[in-house]
Amino acid sequence: MTMTREMPQTDRSVTTALAQAAATAGHAPSVHNTQLWRWWVLPDRLELFAVRDRQLPATDPDGRLMTLSCGTALHHARVVLASEGWGMRVDRLPDPAYPDLLAGIVATGRVPAPFEAVRLVQCMQVRHTAAAGQRRTGTGRFGEGDVQAPDAEGARLQILSADQVMELAAAASKAEAVAADDP
């Protein structure tokens with residue numbers, strides 16, 4: 001069952017909502033906290049651009065991490081708009097003449113705000129990046145919503161066994177050592 005909350009008709013204008021979505025998307029994690037995106041707020045749409053001069057050529061030569069970081073910012077902006085009761089259409093790679101224009105979000109009108117979107121925005125606002133050299137761990141416990149959330153985005157969550165975690169850690173350590181030796 002999807003819970004919703006009704007939004008009063010006196011809510012902010014669409015342009016203000018788009019600007020707030022862009023600002024809150026700044027909480028999105030990005031490779032080494034580089035925020036590899038730039039938002040353009042237009043009266044009726046929000047446009048997401050990749051900022052290539054922030055790309056890290058040593059750690060991300062093909063721009064894949066940049067694209068993932070920008071996708072996370074896009075996700076955050078969409079969730080903010082949904083939490084404010086805005087329906088939207090997302091146009092991915094809308095103009096081949098502008099390859100750095102990754103997506104546009106067009107507000108399509110008022111809709112009930114899903115409770116899950118409101119909850120996710122609250123989580124975004126308290127996200128913090130670990131300081132250099134620190135690793136934070138979660139509880140290792142997942143609720144039903146945590147396991148189902150990736151499905152809504154076309155992704156899959158793989159929960160690893162303790163042995164798989166150790167194998168992954170060893171592979172990551174080896175990859176880090178190989179990368180450190182590669183100028």
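Numbers here are sequence positions counted from 1. What you see is a predicted model, and the numbers here were worked out from it, not measured in a lab.
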> Do we see a donor-acceptor contact under 3.5 Å between the side chains of Ser69 and Thr72?
Replying inline: no

> Considering all heavy atoms of both residues, which atom of Ala25 and which atom of Trp39 are nearest to each other, and what is their separation?
Replying inline: CB-NE1, 3.7 Å

> Under 4.5 Å between any side-chain heavy atoms of Trp86 and Val111, yes or no?
Replying inline: no

> Which heavy atom of Leu48 sits nearest a heavy atom of Trp37, and at what distance?
Replying inline: CD1-CB, 3.4 Å

>> Return the CD to CZ distance between Gln55 and Arg64, rounded to the nearest 0.5 Å.
In response: 13.0 Å

> With side chains defined as the heavy atoms from C-beta onward, is the minimum distance between Pro29 and Met124 less than 4.5 Å?
Replying inline: no

>> Could you report the tightest heavy-atom contact between Pro94 and Gly104, atom names first, then the distance?
In response: CG-N, 4.3 Å

> Will you find, in the side chains of Thr16 and Gln20, an N or O donor that is under 3.5 Å from an N or O acceptor?
Replying inline: no

>> Using every non-hydrogen atom in the two residues, find where Ala77 and Ala21 come nearest and quote the distance to one decimal.
In response: O-CB, 3.7 Å

>> What I'd like to find out is whether the side chain of Val80 reaches to under 4.5 Å of the side chain of Thr24, using heavy atoms alone.
In response: yes

> Just how far is it from atom OG1 of Thr67 to atom CG of Leu102, taken to the nearest 0.5 Å?
Replying inline: 6.5 Å

>> Using 0.5 Å steps for rounding, measure from the CG atom of Leu42 to the CD atom of Glu47.
In response: 5.0 Å

> Does Glu167 use its side chain to pair, donor to acceptor, with the backbone of Gln164 at less than 3.5 Å?
Replying inline: no

> Are any of the side-chain heavy atoms of Val106 and Asp91 separated by less than 4.5 Å?
Replying inline: yes

>> Could you tell me if the side chain of Asp44 sits less than 4.5 Å from the side chain of Thr15, heavy atoms only?
In response: no

> Tell me, do Arg78 and Val90 make a side-chain contact under 4.5 Å, heavy atoms counted?
Replying inline: yes

>> For Leu81 versus Ala17, what's the shortest heavy-atom pair and its separation?
In response: CD2-O, 3.7 Å

> Please walk me through it: do Val51 and Leu36 pass side-chain contact (heavy atoms from CB on, under 4.5 Å)?
Replying inline: CA-CA 5 Å; Val51 180; Leu36 299 151; 5.5 Å; no

> Hey, is CZ on Arg38 packed in by over 12 heavy atoms from elsewhere, all under 6.0 Å?
Replying inline: no

> Between OG of Ser83 and CD of Gln122, what distance do you get to the nearest 0.5 Å?
Replying inline: 9.0 Å

>> Are Ile105 and Leu74 packed together at the side-chain level, in the sense that at least one heavy-atom pair is separated by less than 4.5 angstrom?
In response: yes

> OG1/Thr34 to CZ/Arg54 distance, rounded to the nearest 0.5 angstrom?
Replying inline: 8.0 Å

> Hey, would you say the Phe49 and Trp40 ring centroids sit under 6.0 Å apart?
Replying inline: yes

> Can you find a pair of side-chain heavy atoms, one from His32 and one from Thr59, that are under 4.5 Å apart?
Replying inline: yes

> Can you tell me how far the CG atom of Leu168 sits from the CG atom of Asp163, to the nearest 0.5 Å?
Replying inline: 12.5 Å

> Which heavy atom in Cys70 sits nearest to a heavy atom in Ala50, and how many Å separate them?
Replying inline: SG-CA, 4.2 Å

>> With a 4.0 Å cut-off on N to O distance, would you call Glu176 and Lys174 a salt bridge?
In response: no

